[in-house]
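Contents: one structure, followed by commentary.
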Amino acid sequence: MRVRFAPSPTGYLHIGNARTALFNYLLARKDNGSFVLRIEDTDTERSKPEYEKIILEDLAWLGLNWDEGPDVGGPFGPYRQSERLEIYQEAAQRLLKEEKAYLCYCAPEELEAMRQAQMQRKESPRYDNRCRSLTAQERAAFEKEGRKPVVRFRLPERKVTFNDLIRGEITFDTALMGDLIIMKSDGKAAFHFAVVLDDIAMEITHVFRGEDHISNTPRHILLFEAFGKIPPFFAHMAMTLGPDGSRLSKRHGATSLRELRSQGYLPEAIFNYLALLGWGTTDDKEIFTPAELMQEFSLGRCKEGAAIFDMAKLTWMNGLYFQKADLSRLVDLSLPFLREAGLVSETILPEEREYLARVITVLGERIKKFSDLPETAGIFLKDEVEYDAQAKAKTLQKEGVNKILADLSQLLEKEADFSTANLEKVIRDYCVNQNLKTSAVFHPLRVAVTGQTVGPGLFETLSLLGQKKTLRRLQTAQQNISE
RNA sequence: GGGGCGUUGGUCCAGUGGUCCAAGAUAGCGGCCUUUCACGCCGUCGACACGGGUUCGAUUCCCGUACGCCCCGCCA
């Protein structure tokens with residue numbers, strides 16, 4: 001089995017395409033086949049080399065690896081369509097010679113006008129094949145006008161049926177389609193032509209792509225046949241849609257791997273989540289390792305209906321993977337986010353690293369993604385406390401709180417042992433001695449040292465903060481109360 | 001306008017001609033736990049798009065309708 005993923009480098013890789021890549025990857029790995037990466041950059045206007053670089057990076061970041069591609073090479077290269085122009089030109093010449101294709105001199109404006117007229121007459125907008133039987137004189141006349149022709153593929157008039165591996169038998173009638181352009185007037189291959197020629201040349205056995213290509217499949221099949229090739233198997237997976245059910249786009253927020261990555265999602269969480277979009281097992285299992293997915297994935301269990309990308313569920317799953325992740329890796333990954341927020345400096349000392357590791361440990365399940373970190377870790381990393389106005393009014397500016405904080409200051413100043421266990425003992429004892437409810441002490445203390453009413457366990461917090469910071473914050477809090 | 005593909009709770013997904021007054025997850029809501037939040041646990045809300053047909057019986061099969069998406073580009 002040989003499958004391919006063929007992105008166009010015209011922007012970031014969005015999650016719909018990433019999922020297509022992932023499914024192809026899983027299929028190949030399950031079958032011990034080859035996963036080919038091909039860059040479809042025949043659109044020179046929109047294709048940018050920097051996007052290709054980013055797409056490759058993000059695919060690798062997700063955890064996919066390819067057996068053949070523009071960067072790693074392979075026996076069927078080159079893997080960039082812009083480097084395969086001669087192949088397409090030769091193939092077009094061959095079809096021209098065999099009269100399976102012809103030159104069309106229609107100008108874009110003429111075609112547009114034709115479409116408009118057809119629409120007005122409530123007809124299908126499609127090319128009327130008017131250049132199919134141009135005489136030599138007519139062609140010469142157009143050439144004399146300076147027109148640059150395109151090459152069109154002469155569609156045999158018949159019904160085309162194929163057996164989609166996910167959807168079953170699908171039939172189209174080419175009588176309803178116009179001849180398609182295979183070579184543009186600038187001499188570059190059109191998408192459909194390049195795709196088929198590459199799939200032939202790269203010996204792709206299974207074309208596994210989005211359902212937006214179902215209607216293109218008969219054209220592809222006819223092209224395969226025009227070259228005397230047996231078409232590959234086709235499988236069309238359902239679309240990934242935005243929360244409103246429309247096609248995924250910018251206005252849906254973070255929809256590319258790049259953006260998800262910059263928001264602090266873990267690649268293994270995205271890998272797992274994406275696999276569950278349009279595919280599922282018969283049991284209740286939802287958490288899969290890549291190895292398990294490679295084993296269990298199958299075309300037969302792919303859904304026909306479109307799936308909506310749900311950020312909330314991804315976030316939940318990301319939290320799960322966060323708990324599983326290796327601590328020192330989490331520290332590494334957290335650094336850019338903390339730097340961005342100005343919470344750590346550019347270079348980081350070993351003891352700062354150690355401290356960060358403790359912060360992340362203490363924060364625990366509270367972190368669902370890295371972008372949460374500056375907010376939650378801030379209380380440990382900032383020098384000064386920022387008091388939440390509501391917390392201050394409700395918890396700090398209360399009768400008796402000032403005395404409690406003053407007492408605790410005295411108490412903790414004498415305390416040499418700032419371990420979680422000892423702090424808990426000391427403070428609980430204080431509550432008993434003063435005949436105070438624990439909540440009457442714990443809550444103000446938390447707000448005093450963190451500025452917030454929520455956060456990790458109080459004694460873990462104090463212990464991690466250390467004596468010096470704790471005492472200073474207690475002082476700040478007392479000053480704050482009177483203000 | 002033509003053609004194609006689809007439609008199980010808000011979302012993802014399981015399931016089957018009768019055992020389905022439809023499972024699980026996520027989200028929401030409520031509770032328990034706890035010094036708070038989160039986690040965890042428990043509970044709760046909530047779906048077979050609609051109409052015909054086939055059948056003893058249909059969410060499951062067939063037809064139609066509605067709705068959604070896709071193609072009909074010198075974009076890919």
Side-chain angles (χ1 to χ4, degrees), chain A residues 6-10 40-43 45-47 81 104 106-108 111-112 115 118-127 148-152 164 166-167 170-173 176-178 180-186 188 190-192 194-195 210-219 236 238-239 241 243 245-247 273 276-287 301 303-317 319 323 363-368 376 391 395 424 427-428 431 437-443 445-447 450 452-459 461:
Chain A
S8 291
T10 55
E40 309 216 319
D41 55 353
T42 51
D43 182 354
E45 291 286 306
R46 297 197 301 146
S47 296
Q81 290 188 331
C104 164
C106 296
L111 294 170
E112 185 52 36
R115 269 191 291 271
Q118 286 165 331
M119 302 258 258
Q120 242 163 33
R121 278 176 275 145
K122 304 241 187 252
E123 290 170 15
S124 290
R126 70 180 134 111
Y127 183 58
K148 289 262 177 283
V150 299
V151 180
R152 281 189 192 265
D164 189 288
I166 292 173
R167 289 150 208 276
I170 300 176
T171 301
F172 287 89
D173 189 347
L176 272 15
M177 308 174 198
L180 69 145
I181 293 174
I182 55 176
M183 294 296 283
K184 303 186 248 186
S185 59
D186 63 1
K188 305 251 170 65
F191 168 74
H192 297 296
V195 164
E211 75 175 313
D212 47 339
H213 285 301
I214 292 179
S215 313
N216 293 326
T217 305
R219 289 180 254 272
H236 291 95
M239 295 272 121
L241 305 176
S246 71
R247 199 172 193 174
Y273 175 73
L276 258 30
L277 230 45
W279 178 86
T281 50
T282 53
D283 54 30
D284 296 337
K285 195 169 159 75
E286 287 200 304
I287 303 303
R301 295 208 59 82
K303 295 258 296 184
E304 289 105 322
I308 288 174
F309 176 72
D310 180 16
M311 190 72 91
K313 188 151 184 179
L314 203 216
T315 303
W316 162 76
M317 195 173 276
Q323 306 317 313
L363 256 18
E365 329 47 54
R366 267 153 284 255
I367 315 169
K368 293 220 167 128
T376 47
T395 316
E424 177 154 10
I427 294 169
R428 280 193 190 276
C431 294
K437 285 207 300 195
T438 52
S439 59
V441 174
F442 291 178
H443 292 298
L445 180 53
R446 171 188 302 285
V447 175
T450 69
Q452 297 169 6
T453 54
V454 301
L458 180 58
F459 308 109
T461 302

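Just so it is clear: chains get the letters A, B, ... in the order the sequence lines come, proteins before strands, and each one is counted from 1. As the structure is a prediction and not an experimental result, all values here were calculated from the model.
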Over how many whole Å does the gap from [X] atom [atom1] to [N] atom [atom2] extend?
X	N	atom1	atom2	value
A/Met311	B/A27	CE	P	14 Å
A/Arg446	B/U35	CZ	P	11 Å
A/Leu363	B/C37	CG	C1'	11 Å
A/Gln81	B/A76	CD	P	9 Å
A/His213	B/G73	NE2	C1'	14 Å

In whole Å, what separates the [atom1] atom of [N] from that of [M]?
N	M	atom1	answer
B/C71	B/U59	C1'	31 Å
B/C74	B/A27	P	47 Å
B/G30	B/A38	P	12 Å
B/C62	B/U54	C1'	7 Å
B/G43	B/C56	C1'	40 Å

[X] side chain, from C-beta outward: closest of [options]:
X	options	answer
A/Asp310	B/C39, B/G2, B/U26	B/U26
A/Ser124	B/C5, B/U36, B/G1	B/G1
A/Leu277	B/G15, B/C74, B/C12	B/C12
A/Ser215	B/U35, B/C71, B/C13	B/C71
A/Asn216	B/C74, B/C12, B/A76	B/A76
A/Glu286	B/G24, B/C37, B/C13	B/G24
A/Arg366	B/C75, B/C72, B/A38	B/A38
A/Glu365	B/G2, B/A38, B/U8	B/A38
A/His443	B/U26, B/U36, B/C74	B/U36
A/Leu111	B/A38, B/G1, B/C74	B/C74

Check every strand shown and say whether [X] touches a base, only sugar-phosphate, or nothing at a heavy-atom separation below 4.0 Å.
X	result
A/Ser8	sugar-phosphate
A/Thr438	nothing
A/Phe459	base
A/Thr171	sugar-phosphate
A/Ile367	nothing
A/Pro456	base
A/Cys104	nothing
A/Gly178	nothing
A/Arg46	base
A/His192	base
A/Leu276	sugar-phosphate
A/Gly455	base

Would one find a side-chain N or O of [X] under 4.0 angstrom from OP1 or OP2 of [N]?
X	N	result
A/Lys313	B/C13	no
A/Lys437	B/U35	no
A/Thr42	B/A76	yes
A/Arg121	B/G2	no
A/Arg247	B/G68	no
A/Lys184	B/A76	yes
A/Arg115	B/C74	yes
A/Arg219	B/C72	no

Residues, nucleotides or ligands: over 12 heavy atoms within 6.0 Å of A/Lys285 NZ: yes
Is any side-chain heavy atom of A/His236 closer than 4.5 Å to a side-chain heavy atom of A/Thr217? yes
Report yes if the side chains of A/Asp43 and A/Lys188 come closer than 4.5 Å at any heavy-atom pair, otherwise no. no
Is it the case that the base of B/C5 and the side chain of A/Arg167 share a donor-acceptor contact (distance under 3.5 Å, atom types as modelled)? no
State whether the distance check finds a donor on one side and an acceptor on the other, under 3.5 Å, for side chain A/Lys368 versus base B/A38. no
Once the angle between the rings of A/Phe191 and A/His213 is folded into 0 to 90°, is it parallel (under 30°), tilted (30 to 60°) or perpendicular (over 60°)? parallel
Does A/Ser47 or A/Lys122 map to a spot on RNA chain B nearer the 5' end, using the closest nucleotide for each? A/Lys122
Run the side-chain contact (heavy atoms from CB on, under 4.5 Å) check on A/Arg167 and A/Ile214 step by step: do they pass? CA-CA 10 Å; A/Arg167 289 150 208 276; A/Ile214 292 179; 3.8 Å; yes
